[in-house]
K.L.:
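I'd like to ask you about the structure that follows.
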2 protein chains.
Amino acid sequence: MIHNHLDLLNKVKTDLPADELLSDLSDLFKLFGDSTRVKILFALSESEMCVCAIAELLGMTQSAISHQLRTLKDANLVASRREGKTIYYHLSDDHVRAIIGQGFEHLTEKQ
Amino acid sequence: MIHNHLDLLNKVKTDLPADELLSDLSDLFKLFGDSTRVKILFALSESEMCVCAIAELLGMTQSAISHQLRTLKDANLVASRREGKTIYYHLSDDHVRAIIGQGFEHLTEKQ
DNA sequence: CGTTCATATGACTACTTGTTCATATGATAA
DNA sequence: TTATCATATGAACAAGTAGTCATATGAACG
(Lines give C-alpha, C1' and ligand atoms only; values in the text may rest on other atoms or scores of the structure.)
Protein backbone atom coordinates (compact mmCIF):
# COMPACT_ATOMS: atom_id res chain seq x y z
CA MET A 1 0.00 0.00 0.00
CA ILE A 2 1.28 3.42 -0.87
CA HIS A 3 -0.81 6.05 0.81
CA ASN A 4 -3.40 5.37 3.46
CA HIS A 5 -6.73 3.84 2.52
CA LEU A 6 -6.80 0.77 4.70
CA ASP A 7 -10.31 1.32 6.07
CA LEU A 8 -11.78 1.80 2.61
CA LEU A 9 -9.92 -1.22 1.27
CA ASN A 10 -11.21 -3.48 4.01
CA LYS A 11 -14.75 -2.25 3.55
CA VAL A 12 -14.78 -2.73 -0.21
CA LYS A 13 -12.91 -6.01 0.00
CA THR A 14 -15.62 -7.58 2.13
CA ASP A 15 -18.33 -6.44 -0.26
CA LEU A 16 -16.52 -7.57 -3.40
CA PRO A 17 -17.91 -10.89 -4.65
CA ALA A 18 -15.60 -13.87 -5.06
CA ASP A 19 -13.16 -13.80 -7.94
CA GLU A 20 -14.87 -16.75 -9.58
CA LEU A 21 -18.26 -15.06 -9.56
CA LEU A 22 -16.88 -11.86 -11.06
CA SER A 23 -15.09 -13.94 -13.64
CA ASP A 24 -18.35 -15.68 -14.54
CA LEU A 25 -19.95 -12.27 -14.79
CA SER A 26 -17.38 -10.97 -17.25
CA ASP A 27 -17.63 -14.20 -19.22
CA LEU A 28 -21.36 -13.61 -19.49
CA PHE A 29 -20.94 -10.06 -20.73
CA LYS A 30 -18.23 -11.21 -23.11
CA LEU A 31 -20.93 -13.13 -24.96
CA PHE A 32 -22.80 -9.88 -25.56
CA GLY A 33 -19.59 -8.13 -26.52
CA ASP A 34 -19.57 -9.18 -30.14
CA SER A 35 -21.83 -7.54 -32.70
CA THR A 36 -22.64 -10.77 -34.50
CA ARG A 37 -23.75 -12.46 -31.30
CA VAL A 38 -25.74 -9.43 -30.17
CA LYS A 39 -27.50 -9.35 -33.52
CA ILE A 40 -28.30 -13.04 -33.26
CA LEU A 41 -29.64 -12.64 -29.74
CA PHE A 42 -31.69 -9.63 -30.72
CA ALA A 43 -33.14 -11.47 -33.72
CA LEU A 44 -34.00 -14.47 -31.57
CA SER A 45 -35.67 -12.18 -29.08
CA GLU A 46 -38.10 -11.36 -31.90
CA SER A 47 -38.69 -14.88 -33.10
CA GLU A 48 -37.35 -18.39 -33.22
CA MET A 49 -35.22 -18.76 -36.35
CA CYS A 50 -33.29 -21.38 -38.27
CA VAL A 51 -29.58 -21.05 -38.97
CA CYS A 52 -29.81 -20.09 -42.63
CA ALA A 53 -32.45 -17.45 -41.89
CA ILE A 54 -30.12 -15.82 -39.36
CA ALA A 55 -27.25 -16.05 -41.81
CA GLU A 56 -29.25 -14.32 -44.49
CA LEU A 57 -30.63 -11.73 -42.09
CA LEU A 58 -27.12 -10.73 -41.05
CA GLY A 59 -25.56 -11.21 -44.47
CA MET A 60 -23.06 -13.70 -43.14
CA THR A 61 -21.85 -17.21 -43.81
CA GLN A 62 -23.79 -20.18 -42.48
CA SER A 63 -20.56 -21.40 -40.96
CA ALA A 64 -19.86 -18.19 -39.11
CA ILE A 65 -23.39 -18.15 -37.68
CA SER A 66 -23.18 -21.79 -36.72
CA HIS A 67 -19.96 -21.19 -34.83
CA GLN A 68 -21.51 -18.34 -32.89
CA LEU A 69 -24.66 -20.30 -32.18
CA ARG A 70 -22.52 -23.02 -30.69
CA THR A 71 -20.85 -20.48 -28.44
CA LEU A 72 -24.22 -19.14 -27.33
CA LYS A 73 -25.61 -22.63 -26.84
CA ASP A 74 -22.62 -23.71 -24.74
CA ALA A 75 -23.35 -20.72 -22.52
CA ASN A 76 -27.02 -21.70 -22.31
CA LEU A 77 -28.21 -18.42 -23.76
CA VAL A 78 -29.93 -20.15 -26.67
CA ALA A 79 -31.45 -23.58 -27.22
CA SER A 80 -32.49 -25.44 -30.34
CA ARG A 81 -35.06 -27.89 -31.60
CA ARG A 82 -34.94 -29.95 -34.74
CA GLU A 83 -37.67 -30.16 -37.34
CA GLY A 84 -36.62 -32.43 -40.16
CA LYS A 85 -33.43 -31.05 -41.63
CA THR A 86 -33.96 -27.65 -40.14
CA ILE A 87 -32.78 -26.64 -36.68
CA TYR A 88 -34.55 -23.76 -35.00
CA TYR A 89 -32.86 -21.68 -32.35
CA HIS A 90 -34.53 -19.63 -29.65
CA LEU A 91 -33.55 -17.79 -26.49
CA SER A 92 -33.36 -20.12 -23.54
CA ASP A 93 -33.76 -17.38 -20.99
CA ASP A 94 -35.66 -14.14 -20.55
CA HIS A 95 -32.66 -12.57 -18.85
CA VAL A 96 -31.13 -12.16 -22.27
CA ARG A 97 -33.85 -9.69 -23.20
CA ALA A 98 -33.42 -7.88 -19.90
CA ILE A 99 -29.66 -7.54 -20.30
CA ILE A 100 -29.93 -6.27 -23.86
CA GLY A 101 -32.67 -3.90 -22.72
CA GLN A 102 -30.46 -2.43 -20.03
CA GLY A 103 -27.71 -1.89 -22.55
CA PHE A 104 -30.10 -0.10 -24.88
CA GLU A 105 -31.30 2.13 -22.10
CA HIS A 106 -27.77 3.22 -21.41
CA LEU A 107 -27.16 3.97 -25.08
CA THR A 108 -30.38 5.84 -25.74
CA GLU A 109 -30.79 7.68 -22.46
CA LYS A 110 -28.28 10.44 -23.04
CA GLN A 111 -29.08 13.86 -21.79
CA MET B 1 -32.00 -17.73 -49.46
CA ILE B 2 -32.04 -21.47 -49.23
CA HIS B 3 -35.40 -22.58 -47.95
CA ASN B 4 -38.45 -20.40 -47.55
CA HIS B 5 -38.61 -17.92 -44.69
CA LEU B 6 -39.13 -14.66 -46.52
CA ASP B 7 -42.03 -13.46 -44.37
CA LEU B 8 -40.13 -14.06 -41.15
CA LEU B 9 -37.01 -12.42 -42.55
CA ASN B 10 -38.87 -9.28 -43.57
CA LYS B 11 -40.60 -9.07 -40.20
CA VAL B 12 -37.43 -9.45 -38.17
CA LYS B 13 -35.43 -7.25 -40.51
CA THR B 14 -37.72 -4.28 -39.91
CA ASP B 15 -37.49 -4.73 -36.14
CA LEU B 16 -33.73 -5.14 -36.06
CA PRO B 17 -32.00 -1.89 -34.99
CA ALA B 18 -29.45 -0.30 -37.25
CA ASP B 19 -26.07 -1.95 -37.56
CA GLU B 20 -24.36 0.98 -35.92
CA LEU B 21 -26.60 0.85 -32.86
CA LEU B 22 -26.06 -2.86 -32.41
CA SER B 23 -22.37 -2.29 -32.82
CA ASP B 24 -22.44 0.35 -30.11
CA LEU B 25 -24.33 -2.09 -27.94
CA SER B 26 -21.73 -4.81 -28.32
CA ASP B 27 -18.99 -2.27 -27.71
CA LEU B 28 -20.71 -1.37 -24.45
CA PHE B 29 -20.95 -4.97 -23.31
CA LYS B 30 -17.36 -5.55 -24.36
CA LEU B 31 -16.37 -3.16 -21.60
CA PHE B 32 -18.04 -5.43 -19.05
CA GLY B 33 -16.51 -8.49 -20.69
CA ASP B 34 -13.20 -8.34 -18.89
CA SER B 35 -12.84 -9.47 -15.30
CA THR B 36 -10.48 -6.67 -14.36
CA ARG B 37 -12.86 -4.01 -15.62
CA VAL B 38 -15.88 -5.65 -14.02
CA LYS B 39 -14.02 -5.76 -10.71
CA ILE B 40 -13.12 -2.10 -11.05
CA LEU B 41 -16.70 -1.15 -11.87
CA PHE B 42 -18.04 -3.21 -9.01
CA ALA B 43 -15.57 -1.68 -6.58
CA LEU B 44 -16.46 1.82 -7.76
CA SER B 45 -20.14 1.00 -7.32
CA GLU B 46 -19.30 0.63 -3.63
CA SER B 47 -17.20 3.73 -3.25
CA GLU B 48 -15.10 6.28 -5.02
CA MET B 49 -11.50 5.08 -5.04
CA CYS B 50 -8.04 6.20 -6.09
CA VAL B 51 -5.94 4.27 -8.57
CA CYS B 52 -3.50 2.71 -6.13
CA ALA B 53 -6.35 1.59 -3.87
CA ILE B 54 -7.97 -0.24 -6.77
CA ALA B 55 -4.63 -1.73 -7.74
CA GLU B 56 -4.09 -3.05 -4.25
CA LEU B 57 -7.66 -4.29 -3.92
CA LEU B 58 -7.32 -6.35 -7.08
CA GLY B 59 -3.70 -7.30 -6.50
CA MET B 60 -2.63 -5.80 -9.79
CA THR B 61 -0.15 -3.31 -11.17
CA GLN B 62 -0.88 0.40 -11.01
CA SER B 63 -0.15 0.54 -14.71
CA ALA B 64 -2.61 -2.19 -15.61
CA ILE B 65 -5.34 -0.50 -13.58
CA SER B 66 -4.55 2.87 -15.09
CA HIS B 67 -4.85 1.49 -18.59
CA GLN B 68 -8.23 -0.03 -17.84
CA LEU B 69 -9.45 3.13 -16.14
CA ARG B 70 -8.58 5.02 -19.28
CA THR B 71 -10.64 2.59 -21.33
CA LEU B 72 -13.58 2.98 -18.96
CA LYS B 73 -13.20 6.75 -18.92
CA ASP B 74 -13.09 6.97 -22.71
CA ALA B 75 -16.38 5.09 -22.72
CA ASN B 76 -17.83 7.48 -20.13
CA LEU B 77 -18.49 4.72 -17.64
CA VAL B 78 -16.26 6.32 -15.02
CA ALA B 79 -15.14 9.84 -14.26
CA SER B 80 -12.38 11.22 -12.08
CA ARG B 81 -11.55 14.14 -9.84
CA ARG B 82 -8.16 15.25 -8.64
CA GLU B 83 -7.23 15.95 -5.03
CA GLY B 84 -3.60 16.90 -4.77
CA LYS B 85 -1.53 14.10 -6.21
CA THR B 86 -4.33 11.62 -5.90
CA ILE B 87 -6.97 11.02 -8.54
CA TYR B 88 -10.27 9.55 -7.44
CA TYR B 89 -12.45 7.59 -9.82
CA HIS B 90 -16.18 7.05 -9.55
CA LEU B 91 -19.01 5.70 -11.70
CA SER B 92 -20.34 8.35 -14.03
CA ASP B 93 -23.63 6.62 -14.57
CA ASP B 94 -26.15 4.59 -12.59
CA HIS B 95 -26.77 2.37 -15.60
CA VAL B 96 -23.52 0.64 -14.79
CA ARG B 97 -25.01 -0.67 -11.57
CA ALA B 98 -28.17 -1.72 -13.38
CA ILE B 99 -26.28 -3.61 -16.07
CA ILE B 100 -24.09 -5.42 -13.58
CA GLY B 101 -27.18 -6.18 -11.53
CA GLN B 102 -28.91 -7.78 -14.48
CA GLY B 103 -25.87 -9.92 -15.13
CA PHE B 104 -25.82 -11.06 -11.54
CA GLU B 105 -29.49 -11.96 -11.67
CA HIS B 106 -28.84 -14.18 -14.62
CA LEU B 107 -25.96 -15.90 -12.86
CA THR B 108 -27.66 -16.43 -9.53
CA GLU B 109 -31.21 -17.21 -10.67
CA LYS B 110 -30.69 -20.77 -11.77
CA GLN B 111 -33.48 -23.25 -11.17
C1' DC C 1 -28.71 -47.08 -52.40
C1' DG C 2 -27.09 -42.16 -53.77
C1' DT C 3 -28.26 -37.25 -53.80
C1' DT C 4 -29.49 -33.04 -51.85
C1' DC C 5 -30.45 -29.89 -48.19
C1' DA C 6 -29.42 -27.87 -43.53
C1' DT C 7 -26.22 -27.63 -40.15
C1' DA C 8 -21.85 -28.70 -37.55
C1' DT C 9 -16.95 -28.95 -36.99
C1' DG C 10 -11.82 -28.65 -37.27
C1' DA C 11 -7.76 -26.26 -38.73
C1' DC C 12 -5.85 -22.08 -39.96
C1' DT C 13 -5.26 -17.10 -40.18
C1' DA C 14 -5.67 -12.27 -39.20
C1' DC C 15 -6.93 -9.29 -35.91
C1' DT C 16 -7.83 -7.68 -31.37
C1' DT C 17 -6.53 -6.94 -26.64
C1' DG C 18 -4.76 -7.18 -21.64
C1' DT C 19 -0.58 -6.92 -19.33
C1' DT C 20 4.29 -5.69 -18.63
C1' DC C 21 8.14 -2.68 -18.67
C1' DA C 22 10.19 1.57 -19.02
C1' DT C 23 9.38 6.20 -18.99
C1' DA C 24 6.79 10.57 -18.78
C1' DT C 25 3.70 13.88 -16.52
C1' DG C 26 2.12 16.53 -12.86
C1' DA C 27 1.54 17.87 -8.13
C1' DT C 28 3.55 18.58 -3.51
C1' DA C 29 7.07 19.38 -0.13
C1' DA C 30 11.73 20.39 1.50
C1' DT D 1 15.25 23.41 -7.78
C1' DT D 2 15.40 18.65 -6.56
C1' DA D 3 13.13 14.69 -4.73
C1' DT D 4 9.21 11.99 -4.13
C1' DC D 5 4.56 10.44 -4.69
C1' DA D 6 0.49 9.24 -7.67
C1' DT D 7 -0.83 8.51 -12.06
C1' DA D 8 -0.54 8.26 -17.21
C1' DT D 9 1.33 6.64 -21.45
C1' DG D 10 3.71 4.24 -25.33
C1' DA D 11 5.78 0.22 -27.27
C1' DA D 12 5.94 -4.58 -27.44
C1' DC D 13 4.56 -9.16 -26.59
C1' DA D 14 1.44 -13.15 -25.63
C1' DA D 15 -2.96 -15.00 -25.48
C1' DG D 16 -7.51 -15.14 -27.13
C1' DT D 17 -10.90 -15.07 -30.89
C1' DA D 18 -14.07 -14.23 -35.08
C1' DG D 19 -14.26 -15.53 -39.64
C1' DT D 20 -12.91 -18.58 -43.75
C1' DC D 21 -12.43 -22.79 -46.09
C1' DA D 22 -12.91 -27.48 -46.60
C1' DT D 23 -15.15 -31.24 -44.95
C1' DA D 24 -18.27 -34.03 -42.00
C1' DT D 25 -22.78 -35.24 -40.11
C1' DG D 26 -27.47 -36.22 -40.46
C1' DA D 27 -32.10 -36.13 -42.21
C1' DA D 28 -35.36 -36.54 -46.16
C1' DC D 29 -36.40 -37.88 -50.79
C1' DG D 30 -36.35 -40.49 -55.20
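Throughout, a chain's letter reflects where its sequence line sits, starting with A, and its residues are numbered from 1. Below, each value reflects all heavy atoms present in this structure, side chains not excepted, and no hydrogens, waters or symmetry copies.
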K.L.:
Could you check whether the side chain of Ser66(B) and the base of dT9(D) have a donor-acceptor pair of N or O atoms closer than 3.5 Å, going by distance alone?
P.N.:
no
K.L.:
Using a cut-off of 4.0 Å on non-hydrogen atoms, how would the nucleic acid contact of Thr86(B) be classed: base, sugar-phosphate, or nothing?
P.N.:
sugar-phosphate
K.L.:
Hey, does Tyr88(A) reach any base, or is it just sugar-phosphate, or nothing, if we go heavy atoms under 4.0 Å?
P.N.:
nothing
K.L.:
Would you state whether a donor and an acceptor, one from the side chain of His67(B) and one from the base of dT17(C), lie under 3.5 Å apart?
P.N.:
no
K.L.:
Give a yes or no on whether Arg70(B) atom CZ has more than 12 heavy-atom contacts from other residues, nucleotides or ligands under 6.0 Å away.
P.N.:
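Result for CZ/Arg70(B): open.
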K.L.:
What's the shortest heavy-atom distance between Gly33(A) and Lys30(B), and which atoms?
P.N.:
O-CE, 2.7 Å
K.L.:
Whole angstrom is fine here: how far is it from CZ in Arg70(A) over to P in dG19(D)?
P.N.:
16 Å
K.L.:
Might you point out which heavy atoms bring Pro17(A) and Leu22(A) nearest each other, and give the distance in Å?
P.N.:
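Taking every non-hydrogen atom into account, O-CD1, 3.5 Å.
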K.L.:
Between the side chain of Ser45(A) and the main-chain N/O of Phe42(A), is any donor-acceptor distance below 3.5 Å?
P.N.:
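Checking the backbone N and O of Phe42(A) against the side chain of Ser45(A), a donor-acceptor pair under 3.5 Å is found.
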K.L.:
Is there a residue in residues 78-85 of chain B whose heavy atoms reach under 4.0 Å of DNA chain D, and which residues are they?
P.N.:
Lys85(B)
K.L.:
Does any residue of residues 22-31 of chain A have a heavy atom under 4.0 Å from DNA chain C, and if so, which ones, in number order?
P.N.:
none
K.L.:
Base, sugar-phosphate or nothing for Thr71(A)? Non-hydrogen atoms, less than 4.0 Å.
P.N.:
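Nothing: the residue Thr71(A), judged by heavy atoms under 4.0 Å, touches no strand.
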K.L.:
Quiz question: going by heavy-atom distance under 3.5 Å, is there a donor-acceptor pair between the base of dA18(D) and the side chain of Gln68(A)?
P.N.:
no
K.L.:
In whole Å, what is the span from the CG atom of Asp74(B) to the P atom of dA8(D)?
P.N.:
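Rounded to whole Å, this separation is 12 Å.
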K.L.:
Whole-Å distance between dG16(D) P and Asp34(B) CG?
P.N.:
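In whole Å, dG16(D) P lies 13 Å from Asp34(B) CG.
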K.L.:
Measure the spacing between OG of Ser35(B) and CG of Asp27(A) and express it to the nearest 0.5 Å.
P.N.:
8.0 Å
K.L.:
Are Val78(A) and Tyr88(A) connected, step by step, through hydrophobic side chains (Ile, Leu, Val, Met, Phe, Trp, Tyr) whose heavy atoms are closer than 4.5 Å?
P.N.:
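Val78(A) does not cluster with Tyr88(A).
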K.L.:
Separation of Gln62(A) atom CD from dA18(D) atom P, in whole Å?
P.N.:
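Rounded to whole Å, this separation is 17 Å.
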K.L.:
Which whole-number value in Å describes the distance from Ile40(B) CD1 to dT7(D) C1'?
P.N.:
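These atoms are roughly 14 Å apart.
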K.L.:
Counting only side-chain N and O atoms of Ser63(B), is one of them less than 4.0 Å from OP1 or OP2 of dA8(D)?
P.N.:
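So the side chain of Ser63(B) is outside the cut-off, no N or O lying under 4.0 Å from OP1 or OP2 of dA8(D).
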K.L.:
Can you tell me how far CD1 of Ile54(A) sits from CE of Met60(A), rounded to the nearest 0.5 angstrom?
P.N.:
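Here the interatomic distance stands at 11.0 Å.
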K.L.:
Identify, with sequence neighbours excluded, every residue that meets side-chain hydrogen bond (donor to acceptor under 3.5 Å, both in side chains) alongside Lys73(A).
P.N.:
Ser80(A)
K.L.:
So, for Glu56(B) and Leu9(A), which heavy atoms are closest and what is the spacing to 0.1 Å?
P.N.:
OE1-CD1, 3.0 Å
K.L.:
Can you see if the side chain of Thr61(A) gets near the phosphate of dT20(D) - specifically, an N or O under 4.0 Å from OP1 or OP2?
P.N.:
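Yes, because at least one side-chain N or O of Thr61(A) sits under 4.0 Å from OP1 or OP2 of dT20(D).
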K.L.:
Given atom CD of Glu56(A) and atom P of dC5(C), what is their separation to the nearest angstrom?
P.N.:
16 Å
K.L.:
Which whole-number value in Å describes the distance from Ile87(A) CD1 to dG26(D) C1'?
P.N.:
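Interatomic distance, CD1 of Ile87(A) to C1' of dG26(D): 9 Å.
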K.L.:
Of the listed nucleotides (dA18(D), dT7(C), dT20(D)), which one gets closest to any side-chain atom of Arg37(A)?
P.N.:
dA18(D)
K.L.:
What nucleotide among dT20(D), dG19(D), dA8(D) has an atom nearest to a side-chain atom of Val51(B)?
P.N.:
dA8(D)
K.L.:
Can you tell me how far P of dA8(C) sits from NZ of Lys73(A), to the nearest Å?
P.N.:
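In whole Å, dA8(C) P lies 7 Å from Lys73(A) NZ.
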K.L.:
Can a salt bridge be assigned to the pair Asp15(A) and Lys11(A) using a cut-off of 4.0 Å between side-chain N and carboxylate O?
P.N.:
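A salt bridge links Asp15(A) with Lys11(A).
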